[in-house]
Amino acid sequence: MLSKIDVPSCNFTGSIPRSMENLTQLIYVDLSMNKFNGSVPFFSMAKNLTLINLSSNLLTGQINSSHLENLTNLVNLDLRFNLLDGTIPPSLFSLSLLQKLQLSNNQFSGQLPVFGGISLLDTLDLSRNKLEGPIPMSIFNLKGLKILSLSSNNFSGSFPLNSLQQLKNLSSLDLSYNSLSIDYNTANSSDSSFPQITTLKLASGKLSRFPDFLRNQSKLNTLDLSQNQISGEIPNWIWRLSTLFQLNLSCNSLETLEGPLLNVTSSSLSVLDLHSNQLQGQIPLFSQSSIYLDYSRNNFNSSIRTDIGDFLYFAVFFSLSSNKFHGIIPESICNASNLQVLDVSNNSLNGLIPRCLTAMSGTLAVLNLRRNNLSGTVPDKFPEHCSLKTLDLNGNQIGGQFPKSLANCTMLEVLNLGNNQIADTFPCLLKKISTLRVLVLRSNKFYGRFGCPKPHGNWSMLQIVDIALNNFSGEIRGKCLRTWKAMMGDDDDAMSELNHLRFGVLKFTGVYYQDAITVTNKGLEMEFVKILTVFTSIDFSGNDFNGSIPEEVGQLKSLYVLNLSSNALTGSIPTSLSNLRQLESLDLSNNKLGGTIPAEFANLTFLSFLNLSNNQLVGKIPSTAQLSTFSAASFTGNKRLCGIQLNISCNNPSESPDAAQKAPNKESGIGFDWQSIYTGVGFGVGAGVIVILLILWEEGRNWLEDSIDRILLAILPMMGFTYKTRDEWNEEEEEDFEEDSTYIMEDCDIDENESEDKGFQGTYCVFCSKLDMSRKRAIHDPSCTCHLSPRISSSSSSSYSFSP
């Protein structure tokens, strides 16, 4: 008969076969580290079963007393790393032979029952669940307990640390990250009566002092008292614990170190975390075998000792960030040949970047020199097999050109050179680094076109681009955006990869270095101490870009922040921007954008910051629920824009966009009154058509002249004028023509030259006359009189003289 099932790590899927419940001779079942789903099977028929290991699967549902029925010989129950929920059945703690109970990393809830009848239990791991309430004091009745882990739950109430004296076999205790108040009373304890503990983790336990019994611990390997309320000085005896390998005192209110610190350099301490305290003076260095050293976020205010590298030969992580260190970065730092993370950001360091520092990036993964006073250039010494993933030099006084050898760092994810004085064109050499996620060149002296002459390489992971406040010019070429696949994913793609940008330092302990960055979001500078892999941002503001906004921007559907302000962009706002459904911040202010605001912006339901001010936008602001939430500041400086946000009614002609268009556009610098031009052209074309018709169409011409005669004969006599019709003028013209003909015949023999030299003599008459539209007769005032004329040359104007 089958008695043992041992198939761990076989990548099995589906539910555990129910036929297994009928196996009566089972003694050992190990199905761990597969992908089984469904509920936990009932093994009640296997009365001799001693071990059940179903850990690291996808099991769901609850555990009830029926699962445990008849399992009186069970010694080891391991259900860790599943999705089990509900309460822990009290009958579980009545199994008299049970020694190891491991239910961590599930979703169990409720309170713990009273412990009883399991005096052989040596391992109890209930960490990382949703358990709550007080820890029952009956737990101290488990005299054989060696490992107790209740961390990362919601336990509350007090826990008397002095009661550990009852658990003589205890070697590991983890109560971290609950809502407990850990009490320790020196008067009620004897150091010698405490068990010899190897691992003690009391993080976030509201502890106010160092437990004195620790000074006599001869086997203590790991001590975590972080995120407590311990103040004052760090006792000297803590450095003399000969077996101490890992010490975490971070996030307290510690100020000094008790001296003297002599004869402690032989300590076995390899992992020391003192970050986020108030420590000052020189940093303590106790061992040349240290692996992890974090002194960040304190008040250390000295220079970095020149021999620092001698203490970092084995170090993989070294951080002095956010202190008050001054002076130079010592060359000896390059002796730390195994260093993976070096962070000296946010200090007052000056001088040059050591040339050897970039050369050692064959092992270095994170180099953070952010926010110091470093000068000079970036040493162009990045090795051929560069392993850098993060390079952050933001906020210094570094000048020169972009280092060309940085192209060797093909694993680079975060490049932040912002707020320096680097003068160069866009670094096209980066286009082959497909791992790049964050590119910040903000506030330097970069110039020329954005992008490269040839198409970009595969920047499919790029999620943050900040090139603001430089001298980039030309158009924003849409083809440069087409490979930014990380900004094009939909909601499901983004959430499926939700994580932070981080670098695993001590993977066996789950220690990571978190990348941080400052971005301009919603009009404010925000520092992200953790960069979500789904956060996306583009900031091209404060440059000299011109032309239109490329339509390709609308393809970046997972974009959260878009800032194109303070450029010289023209054209209309692309309606494709309405495709950016995840957009939370949009700034297009201080450009020369025209046209109307797209009504499709109503689709941007997550938009919480909008700035379209100081452009040349026209028309009515769309009346949508989303846009109505923004104040006038989002739209000011657009003289042809109207809407309720600006308190300008589009129905009032004096305030409407149409009325505004009648006035010349003084702001744009173009002095044309287009409305007048259009009107003049219209009248001119119409008049030309009428004149042509009158010339070619005789019947129409005669009808028009007769109509004008009738109108003028009715109006002018009432005003004291006389008027002769066309027919009357024709009759007089015929009589004059006969007289003129006779006169001409009589004088035809006169010398032509003589007639040219004669002056005109006699009377002339002044008329108040105006020609009619046909320019054939005059409307005149008969009261005008004749006068004696002076001699007038025949070369003068030959205007006709009409007699009254």
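- Residues satisfying the salt bridge (Lys or Arg N to Asp or Glu O under 4.0 Å) test with D380, not counting sequence neighbours, are none.
- Checking side-chain atoms of N567 against main-chain N and O of F540 turns up a donor-acceptor pair under 3.5 Å.
- By the 4.5 Å heavy-atom criterion applied to side chains, R370 and N416 are counted as neighbours.
- The nearest pair of heavy atoms linking N57 to K35 is OD1-N, 3.3 Å.
- Judged purely by atom type and a 3.5 angstrom limit, K432 has no side-chain atom pairing as donor or acceptor with the backbone of L430.
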### Task
Could you give me the CA-CA distance, side-chain angles and deciding distance for L257 and W239, then say whether side-chain contact (heavy atoms from CB on, under 4.5 Å) is met?
CA-CA 10 Å; L257 287 79; W239 314 115; 3.8 Å; yes

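- Of the possible polar contacts, one joining the T363 side chain to the S337 backbone as a donor-acceptor pair under 3.5 Å is found.
- Between the CG atom in L312 and the SG atom in C334 there is a gap of 11.0 Å [rounded to 0.5 Å].
- Looking at every heavy atom in both residues, P354 comes nearest to I329 through CG-O, 3.5 Å.
- Within the model, atoms CZ of R297 and CG of N277 stand 12.5 Å from one another, a figure rounded to the nearest 0.5 Å.
- Going from atom OG of S473 over to atom CZ of R449 covers 7.5 Å, rounded to the nearest 0.5 Å.
- Between D539 and I467 there is no side-chain heavy-atom pair separated by less than 4.5 Å.
- A donor-acceptor distance shorter than 3.5 angstrom exists from the side chain of N298 to the backbone of L274, with no hydrogens or angles considered.
- Pairing each heavy atom of L388 with each of L367, the nearest pair is CD2-N, 4.0 Å.
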### Message
For N614 and N590: C-alpha separation, side-chain torsions, deciding distance, then whether side chain to side chain donor-acceptor pair (under 3.5 Å) applies.
### Response
CA-CA 5 Å; N614 299 309; N590 297 298; 3.2 Å; yes

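- What you find for E551 and P574 is that their closest heavy atoms are OE2-CB, 3.7 Å.
- L406 has its side chain out of reach of N408: every pair of non-hydrogen atoms, C-beta onward, lies at least 4.5 Å apart.
- Ring pair F300/Y295 is perpendicular by interplanar angle, where above 60° counts as perpendicular and below 30° as parallel.
- With contacts defined as side-chain heavy-atom distances shorter than 4.5 Å, the pair L247/D273 does not qualify.
- Residues forming a side chain to side chain donor-acceptor pair (under 3.5 Å) with T222 (at least two apart in sequence, or on another chain): none.
- Taking OG of S578 as the start and CG of N603 as the end, the distance is 5.5 Å to the nearest 0.5 Å.
- Side chain of T536 to backbone of S558: a donor-acceptor contact under 3.5 angstrom is found.
- Taking CG of L593 as the reference point, atom OG of S572 lies at 8.5 Å (rounded to 0.5 Å).
- Interatomic distance, L569 CG to N615 CG, rounded to the nearest 0.5 Å: 8.5 Å.
- Ring pair F426/F450 is perpendicular by interplanar angle, where above 60° counts as perpendicular and below 30° as parallel.
- The main-chain N or O of R128 is never found under 3.5 Å from a side-chain atom of S104 such that the two would form a donor-acceptor pair.
- You'll find the side chain of F446 reaches within 4.5 Å of the side chain of I422, heavy atoms only.
- Under the salt bridge (Lys or Arg N to Asp or Glu O under 4.0 Å) criterion, R482 pairs with E552, not counting sequence neighbours.
- In terms of modelled atom types and a separation under 3.5 Å, the side chain of N563 and the main chain of S565 share a donor-acceptor contact.
- Considering only heavy atoms from C-beta on, P403 comes within 4.5 Å of F382 through its side chain.
- In this structure, the side chain of D424 does not engage the main chain of Q401 through any donor-acceptor pair within 3.5 Å.
- Side chain to side chain, S375 and Q397 fail the donor-acceptor criterion of an N or O pair below 3.5 Å.
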### Message
Could you walk me through whether N471 and N543 satisfy the side-chain contact (heavy atoms from CB on, under 4.5 Å) test, starting with their C-alpha distance in whole Å, then the side-chain angles of each, then the deciding distance to 0.1 Å, before giving a yes or no?
### Response
CA-CA 5 Å; N471 297 314; N543 282 284; 5.5 Å; no

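- Contact record, C409 with I433: O-CD1, 3.4 Å, taken as the closest heavy-atom pair.
- Taking the side chain as every heavy atom from C-beta outward, I333 and I308 approach each other to under 4.5 Å.
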### Task
Applying side-chain contact (heavy atoms from CB on, under 4.5 Å), run through T410 and L412 and close with a yes or a no.
CA-CA 6 Å; T410 56; L412 196 64; over 6 Å; no

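- In this structure, the side chains of N419 and N396 stay at 4.5 Å or more apart for every pair of heavy atoms.
- Looking only at distances, no side-chain donor or acceptor of D544 sits under 3.5 Å from a matching main-chain atom of A568.
- Side chain of N301 to main chain of K324: no donor-acceptor pair is present (N/O by atom type, distance under 3.5 Å, no hydrogens or angles).
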### Query
Between F609 and L586, does a side-chain contact (heavy atoms from CB on, under 4.5 Å) hold up when you go through it step by step?
CA-CA 6 Å; F609 177 84; L586 175 62; over 6 Å; no

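- The two residues Q227 and N252 make their nearest non-hydrogen contact at N-ND2, 4.0 Å.
- Under a cut-off of 6.0 angstrom, the local environment of NZ in K445 is sparse, with at most 12 non-hydrogen atoms contributed by other residues, nucleotides or ligands.
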